[in-house]
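What follows is one structure encoded as structure tokens, with my remarks underneath.
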Amino acid sequence: MARKHSSFVCQACGAASARWQGRCESCGEWNSIVEELLDSGVGAGPKSAVANSRPIDLVPLSGETESAARIVSGITELDRVTGGGFVMGSTLLVGGDPGIGKSTLLLQAAAALAENGRRVVYVSGEEAVAQVRLRAQRLGLGDREVLLASETNVETILATLKKGPAPDLVIIDSIQTLWTDRVESAPGTVTQVRTSAQALTRFAKSSGAAVVLVGHVTKDGQIAGPRVVEHMVDAVLYFEGDASHTFRILRGVKNRYGATDEIGVFEMSGGGLREVANPSALFLDQRDKDAAGSAVFAGMEGTRPVLCEIQALVAPSPLGTPRRAVVGWDGSRLSMVLAVLETRCGVRIGANDIYLNVAGGLKINEPAADLAVAAALISSLTGASLPADAVFFGEISLAGGVRPVVHAGLRLREAQKLGFSRALTGRIGSTDAPAGLSVSEFSELAELVGRIAMNARPAEAAE
Ligand code: TYD
Ligand code: MG
């Protein structure tokens with residue numbers, strides 16, 4: 001029999017230690033360590049996984065195989081992020097802040113799949129069956145043949161799923177509410193969540209069903225409790241958004257069966273989540289065209305070009321150490337752009353308070369946004385608004401040069417489609433500009449700065 005002992009497990013990162021500490025040595029989180037009872041060694045793996053000594057057959061890498069079978073929900077924005085539908089036999093984790101719309105999205109996906117004749121089981125550990133039914137009715141999906149359960153015990157859930165025909169899709173909402181008899185820790189602890197997720201992952205592999213786990217994220221954006229769950233599942237999607245906006249972004253962060261840089265855009269309405277087929281139009285919807293400090297960035301999200309507005313406010317600072325606040329972009333990247341503006345372009349900007357915001361709550365990771373950020377900063381500093389019909393993209397080097405970026409053609413076409421008539425960017429080489437869009441190429445950031453500072457309409461000044 002396995003010896004029962006306790007271990008002190010960090011609820012943020014899952015690291016185990018032999019004694020209690022105020023701060024986790026592994027991830028540095030304070031007050032996150034909880035005593036958990038374990039059956040055997042660290043992490044207490046499932047009993048059935050104890051190695052048996054029966055050998056297995058090794059197979060050559062070059063064998064015949066079918067490509068992963070997928071079930072397509074028909075919700076295009078969701079299917080894009082999963083890489084073309086849920087993969088049979090795989091586990092997918094959908095993370096997001098409480099109240100962002102995870103349950104709504106998955107209920108809509110469940111209903112869409114049930115409509116296509118799939119057997120879909122929705123297990124809610126948070127809501128009673130009546131609450132899920134009410135939500136479905138509000139969404140106009142009350143008549144769909146989704147099978148419901150309100151249950152939190154993993155063994156009960158698995159026994160239920162194994163009874164009757166195998167399901168195509170199982171949704172578990174949420175992983176933090178599950179508990180298993182196998183371990184004695186309290187529900188919601190790392191060990192419980194990890195063991196439950198393991199059991200469900202094994203169920204997915206053995207039954208061929210696609211399993212979707214819903215996970216809440218903590219304030220700092222990690223899936224609460226175990227980051228280890230992220231390693232166990234085949235794909236991780238984050239559902240993001242900002243409480244003050246109606247739109248939501250589904251973003252792939254890990255995907256064993258597809259690309260991870262895709263996003264799906266939805267809008268939360270009274271009747272649930274609506275797909276947004278043209279996100280650029282949505283992100284630019286409320287743009288104040290004449291305001292100084294606003295620049296339109298032609299970005300890429302996965303395979304799709306997305307235009308968004310970058311807003312900068314440069315204000316004299318009353319403080320010795322000026323303030324920097326960045327929403328939707330990387331703060332250290334902003335520092336770099338500021339340093340290049342100061343050092344290479346002779347712009348005195350560093351002593352000001354600087355606020356940078358990607359409008360609409362979008363998060364940008366691309367260095368290609370450098371040029372749009374620099375343009376917005378200079379525009380705010382000089383009070384000269386940028387031309388309303390111009391888009392910006394280009395990466396800035398530490399030497400003050402503007403580097404070309406990938407997918408220039410796609411960005412230019414998207415800009416033209418949305419009615420923009422000029423693009424300010426690095427050298428685009430042999431890329432053809434679409435008709436009706438004039439392209440101004442820069443190799444030095446200082447050239448762009450000079451034009452904005454000199455003239456409120458930089459592209460015209462060049463002509
Ligand atoms: P929910 O899916 O319960 O979020 P999560 O599962 O991520 O915690 O979404 C709850 C929010 O969505 C709630 O604040 C109300 C809003 N909502 C709508 O605006 N319209 C709708 O049709 C529905 C069902 C929810
Ligand atoms: Mg929910």
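Note that this is a predicted model, so its numbers are computed, not measured. Counting starts at 1 for both ligands and their atoms, following the listed order. Values reported hereafter were calculated over all heavy atoms of this structure, with side chains retained and with hydrogens, waters and symmetry mates removed.
Of all protein heavy atoms, the one closest to atom 20 (N) of ligand 1 is Ser269 O, 2.8 Å. Closest protein heavy atom to atom 14 (O) of ligand 1: Gly99 O, 4.1 Å. Here the protein heavy atom with the shortest distance to atom 24 (C) of ligand 1 is Arg138 NH2, 3.5 Å. Among protein heavy atoms, the minimum distance from atom 2 (O) of ligand 1 is reached at Thr104 OG1, 2.6 Å. Atom 4 (O) of ligand 1 has Gly101 N, 3.0 Å as its closest protein atom, hydrogens excluded (heavy atom only).
Proximity to Pro98 (heavy-atom distance under 4.0 Å) selects the following atoms of ligand 1: 8 (O). In the vicinity of Gly270, heavy-atom distances shorter than 4.0 Å reach the ligand 1 atoms 20 (N), 21 (C), 22 (O). Atom numbering of ligand 1 starts at 1 in the shown order; those under 4.0 Å from a heavy atom of Gly272 are 21 (C), 22 (O).
A heavy-atom distance below 4.5 Å is not found between the side chains of Asp79 and Val81. Residues Trp179 and Ser196 fail the side-chain proximity criterion, which asks for heavy atoms closer than 4.5 Å.
Within a 4.0 Å radius of atom 10 (C) of ligand 1, the protein contributes at least one heavy atom.
Using a cut-off of 2.8 Å, one finds that Ser103 contributes an N/O/S atom close to the Mg ion (ligand 2).
Contact analysis leaves Gly96 out of contact with ligand 1, as no non-hydrogen atom separation drops below 4.0 angstrom. Residue contacts with ligand 1: Asp97 is included, with a non-hydrogen atom under 4.0 Å away. The shortest separation from a heavy atom of Ser174 to ligand 1 is not under 4.0 Å, leaving the residue out of contact.
Put simply, the side chain of Asp234 gets close to the backbone of Thr91: a donor and an acceptor are under 3.5 Å apart.
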* Would Thr104 and Arg135 satisfy side-chain hydrogen bond (donor to acceptor under 3.5 Å, both in side chains), going step by step from the backbone distance to the final call? -> CA-CA 8 Å; Thr104 309; Arg135 184 200 299 260; 3.0 Å; yes
* **Chi angles and distances behind the salt bridge (Lys or Arg N to Asp or Glu O under 4.0 Å) call for Lys102, Asp173** => CA-CA 9 Å; Lys102 301 181 293 298; Asp173 189 2; over 6 Å; no
* Quick one: do Arg304 and Glu77 satisfy salt bridge (Lys or Arg N to Asp or Glu O under 4.0 Å)? Show the steps, please. => CA-CA 12 Å; Arg304 201 161 44 156; Glu77 298 292 304; 3.2 Å; yes
* **Residue pair Arg248, Glu267: steps toward the salt bridge (Lys or Arg N to Asp or Glu O under 4.0 Å) verdict** => CA-CA 6 Å; Arg248 305 279 181 264; Glu267 194 172 5; over 6 Å; no
* To do: Give the C-alpha distance, both sets of side-chain angles, the deciding distance and a yes or no for side-chain hydrogen bond (donor to acceptor under 3.5 Å, both in side chains) between Asn153 and Asp181.
  => CA-CA 8 Å; Asn153 180 266; Asp181 305 329; 3.2 Å; yes
* Checking salt bridge (Lys or Arg N to Asp or Glu O under 4.0 Å) for the pair Glu414/Arg411: CA distance, chi angles, key distance, verdict? -> CA-CA 5 Å; Glu414 177 79 357; Arg411 298 174 203 260; over 6 Å; no
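In Met268, the part holding a heavy atom less than 4.0 Å from any atom of ligand 1 is the side chain. With a 4.0 Å heavy-atom cut-off, ligand 1 is reached by the backbone of Ser103 and by its side chain too.
Summarising the local packing, CZ of Arg133 is surrounded by 12 or fewer heavy atoms from other residues, nucleotides or ligands at distances under 6.0 Å. Residue Glu145 places its CD atom among 12 or fewer non-hydrogen atoms of other residues, nucleotides or ligands, all under 6.0 Å distant.
Taking only nitrogen or oxygen atoms, main chain and side chain alike, Arg135 reaches within less than 3.5 Å of ligand 1. Between Leu139 and ligand 1, not a single N/O pair is under 3.5 Å apart.
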